Amino acid sequence: MDDKAITLDLLTAAKQDVTMFANALNETANPELRGVLAQQLQQAQKSQERIFDYAKNKGYYNPYSTPEQMVAQDIQASKQVMSQFKDLT
C-alpha cells in the first residue's frame with residue numbers, strides 16, 4: 001500500500017467519523033452526551049480537514065475534478081490494484 005492509498009483511506013475514514021458523530025449528536029436527547037458528541041464532532045472535523053489538506057497538497061485528491069476525471073482516475077486505480085493481485089498469484 002502506498003502513501004496515496006493510505007492517505008485516501010484515512011480521508012474516507014475521517015469523513016465517516018464526521019458523519020457518525022453528526023448522526024449520533026442529532027439522535028441523542030441527553031444534554032451531557034450531546035456536549036461530549038459535539039466535542040467529538042469538532043475534533044473529527046479538524047482531523048478530516050488536516051487529512052484533506054494533506055491529500056490535496058500532495059495531489060492525491062482533487063476536489064475540483066469533473067465526474068469524468070473521477071471515473072477515469074478510479075478506473076486507473078482499479079487497474080493498478082488488479083495488477084498487484086495478479087503479481088501475488
Side-chain angles (χ1 to χ4, degrees):
M1 204 175 223
D2 63 0
D3 189 45
K4 180 179 179 180
I6 293 168
T7 301
L8 294 178
D9 282 349
L10 284 172
L11 183 58
T12 299
K15 289 177 184 181
Q16 291 170 345
D17 286 349
V18 169
T19 300
M20 178 191 67
F21 284 119
N23 287 339
L25 181 62
N26 288 332
E27 294 294 328
T28 189
N30 181 306
E32 291 174 16
L33 182 55
R34 286 183 64 79
V36 169
L37 290 171
Q39 288 176 348
Q40 293 296 319
L41 174 59
Q42 187 176 31
Q43 289 176 356
Q45 287 171 323
K46 287 178 183 178
S47 293
Q48 187 274 334
E49 183 179 5
R50 286 193 308 269
I51 297 166
F52 169 81
D53 287 341
Y54 178 83
K56 185 177 157 212
N57 290 336
K58 287 285 197 171
Y60 299 156
Y61 185 81
N62 182 359
Y64 307 110
S65 295
T66 65
E68 293 81 9
Q69 290 170 323
M70 295 167 99
V71 169
Q73 290 169 354
D74 287 346
I75 290 170
Q76 182 61 31
S78 297
K79 287 179 181 178
Q80 289 174 347
V81 169
M82 294 303 292
S83 71
Q84 290 174 354
F85 281 120
K86 286 181 184 177
D87 292 342
L88 294 176
T89 59

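Quick caveat: nothing in here was measured; it's all calculated off a predicted structure.
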Engineer: Going from OH on Tyr64 to CD on Gln69, what distance comes out if it is rounded to the nearest 0.5 angstrom?
Structural biologist: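 Rounded to the nearest 0.5 Å, the OH-CD separation comes to 13.5 Å.
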Engineer: Any link between Ile51 and Ile6 through a network of hydrophobic side chains (Ile, Leu, Val, Met, Phe, Trp, Tyr) touching at under 4.5 Å?
Structural biologist: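 Same cluster.
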Engineer: Taking the side chain as every heavy atom from C-beta outward, state whether Tyr60 and Asp2 have any pair of such atoms under 4.5 Å apart.
Structural biologist: no
Engineer: For Arg34 and Leu25, indicate whether the former's side chain and the latter's backbone hold a donor-acceptor pair under 3.5 Å.
Structural biologist: yes
Engineer: If only atom types and distance count, is the side chain of Thr28 paired as donor or acceptor with the main-chain N or O of Ala24 below 3.5 Å?
Structural biologist: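 Side chain of Thr28 to backbone of Ala24, a donor-acceptor pair under 3.5 Å: no, none is there.
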Engineer: How long is the straight-line distance from CZ of Phe21 back to CG of Asn26, given to the nearest 0.5 Å?
Structural biologist: 13.5 Å
Engineer: Roughly how far apart are Leu8 CG and Tyr61 OH, rounded to 0.5 Å?
Structural biologist: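 So the CG of Leu8 and the OH of Tyr61 are separated by 9.0 Å.
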Engineer: How many angstroms lie between atom NZ of Lys58 and atom OH of Tyr54, to the nearest 0.5 angstrom?
Structural biologist: 4.0 Å
Engineer: Does atom CE (Met70) have a neighbourhood of more than 12 heavy atoms from anything else shown, all under 6.0 Å?
Structural biologist: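 Incorrect, the count does not exceed 12.
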Engineer: Cluster question for you: counting only ILVMFWY and a side-chain heavy-atom cut-off of under 4.5 Å, with indirect links fine, are Leu33 and Val18 together?
Structural biologist: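 Same cluster: Leu33 reaches Val18 through Ile, Leu, Val, Met, Phe, Trp or Tyr contacts under 4.5 Å.
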Engineer: Could you list the donor-acceptor pairs under 3.5 angstrom formed between side-chain atoms of residues 36-50 and any protein atom two or more places apart in sequence or on another chain?
Structural biologist:
| from | atom 1 | to | atom 2 | distance (Å) |
| --- | --- | --- | --- | --- |
| Ser47 | OG | Gln43 | O | 3.2 |
| Ser47 | OG | Arg50 | NH2 | 3.4 |

Engineer: Could you measure the distance from the CD atom of Gln16 to the OG1 atom of Thr19? Nearest 0.5 Å is fine.
Structural biologist: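 Going from CD on Gln16 over to OG1 on Thr19, the span is 7.5 Å.
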